[in-house]
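Before any comments, here is the structure.
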Number of protein chains: 2
Amino acid sequence: MKKNIEKISIFSSLSPEYVRKIENITQVSKYLSGKIIFMENDPGIGFYGILDGKIKIFKSSPLGKEHILHIFGSGEIFAEVAVFAGHDFPANAMALEESTLMFFPRDRFRALLAEFPDLSMSLLGLMSMRLRQMVGKVEELSLKEVPARLAAHLLLLRDNTGRNEFNLDINKSQLASLLGTIPETLSRVIRKMKNEGLIGIKGSKVELLDIQSLDELAGGEFRL
Amino acid sequence: MKKNIEKISIFSSLSPEYVRKIENITQVSKYLSGKIIFMENDPGIGFYGILDGKIKIFKSSPLGKEHILHIFGSGEIFAEVAVFAGHDFPANAMALEESTLMFFPRDRFRALLAEFPDLSMSLLGLMSMRLRQMVGKVEELSLKEVPARLAAHLLLLRDNTGRNEFNLDINKSQLASLLGTIPETLSRVIRKMKNEGLIGIKGSKVELLDIQSLDELAGGEFRL
DNA sequence: AAAAACCTTTGACTTAAGTCAAAAGGACAA
DNA sequence: TTGTCCTTTTGACTTAAGTCAAAGGTTTTT
């Protein structure tokens, strides 16, 4: 069966030599829909990557009720948290449709890490990077209101230029979309901030007039 | 100087033996406000954890303008992405206030990973776990509307119980807060769904009457 | 310079969801 | 049974932000 570890997103940006080394320890198999992949309390002898298909992770109560924890799709890996931690599988896994999985045996994976510490470093680096991206997204999504997002953005530009007066380097439609809103709304928000004396703006030249209020708008203590 | 690696969140949940081993290779130093920690293109000989203080990461343009990429605070690590990847530092770092940093030399850290592959596994496991949490948060924040969140929640309960009829195991105020809204709004949303024939509800007994519409409400193809 | 294309602003309207206040309901003890 | 307390629902109002349509402004092209 063809191995295509590039489909597993966490490994896809690894250097080709490591990709090959990892591929060599894996084992690809097909699971029919409904097939159990592992059960709760089975020893965590390895984790899985999904080349194709959908896997549901679930727990069963004594009464036979099932509690779905997660459903994973192509490109994702699962069970790695338990396996890395050296635990047994904490739940069951079942194929929801015909699926092609790649199995990464714990011991051989561990041996690879032992032999090639740079592989560990690369993997840690990749995860670290992704974590950063996600944290960024959460921060972004948490500022719900447009004025807050605009204020935060302006303060960031201020940090970046070191001035209270600077030029927007993109047009307002683009800025609107960057802030997750539409030009009309942005226009109105800008007008309001101008009327309230928080900023001055002419064309793409912006001047921050009331840093403290902007800072509070942005959720307080945004940046030093 | 006292070492307290527990303050660095990614290492805080590591087992004590590894905590000690890592502590042994680190070096704690104080930086006065304004002090440069490293410069762009310096070799990435190690990464840093912040025990206390604030660090700004920035780039300088040829004209001397600075562009702040990020500001890190207590408990965070920085520069690890470049260091793990074996790159030079891609930007400058400066203390924004008096800060206490812990330095993790790349070579010694790498040697530790080589010697203790289980440490690699644990770290990968921890990062994986955090990544999961963040992904979950992003998904949650992306469903903006209350009816969508309620529909998603009901479908999840359905998955979990395996029935179209089940009991809410918490009261409606708690449910409202779980969904990130308030009881009044939840009450109205429920009434609307009832009027539209999507659900039946009596006390805490819920029946899903139109799975397909609920599924669409929840953003389509929520769960198989 | 005139025309076309694009960007930005404004107005009028709609929708989602929050606030405040008050009315129903339900549970349970005295 | 009658209160008392808590949860839930309802109404009236407000706010934030989106849609649609149209009017001004800028550029760019010809």
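The sequence lines fix the lettering, A, B, ..., with proteins before strands; numbering per chain opens at 1. Only this structure's heavy atoms are used, side chains among them; waters, hydrogens and symmetry mates stay out.
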Think B/S173 has a side-chain N or O under 4.0 angstrom from the OP1 or OP2 of D/dC6?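 Looking at the OP1 and OP2 atoms of D/dC6, neither is under 4.0 Å from any side-chain N or O of B/S173.
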
Those residues that, when tested against A/Y31, pass ring-ring contact (aromatic ring centres under 6.0 Å, His included) (two or more places apart):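 Applying ring-ring contact (aromatic ring centres under 6.0 Å, His included) to A/Y31 gives none.
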
What parts of residues 180-198 of chain A reach DNA chain D, counting only heavy atoms under 4.0 Å away?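 Residues of residues 180-198 of chain A that come under 4.0 Å of DNA chain D are, in numerical order, A/T181, A/I182, A/E184, A/T185, A/R188.
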
Single hit among A/L214, A/L155, A/L179, A/T185 for side chain to side chain contact (heavy atoms under 4.5 Å, CB included) with A/L150: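 Answer after filtering A/L214, A/L155, A/L179, A/T185: A/L179.
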
I need the full list of salt bridge (charged side-chain N to carboxylate O under 4.0 Å, His left out) pairs touching residues 200-213 of chain B, with sequence neighbours left out, sorted by first then second residue.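 Every pair satisfying salt bridge (charged side-chain N to carboxylate O under 4.0 Å, His left out) with a residue in residues 200-213 of chain B: there are none.
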
For residues 78-104 of chain A, which residue pairs pass the salt bridge (charged side-chain N to carboxylate O under 4.0 Å, His left out) check, not counting sequence neighbours?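 The answer is A/E80-B/R132.
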
Considering only heavy atoms of chain A and a distance under 4.0 Å, specify the first and last nucleotide of DNA chain C in 5' to 3' order that meet this criterion.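 Span of nucleotides near chain A: C/dT8 to C/dA12.
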
From NZ of A/K202 over to C1' of D/dG25, roughly how many Å is that when rounded to an integer?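 After rounding, the reported distance stands at 13 Å.
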
Sequence-distant partners of [X], side chain to side chain contact (heavy atoms under 4.5 Å, CB included), two or more places apart:
| X | result |
| --- | --- |
| A/S33 | none |
| A/A85 | A/H87 |
| B/P147 | B/E145, B/V189, B/M193, B/L217 |
| B/D42 | B/F38, B/M39, B/F89 |

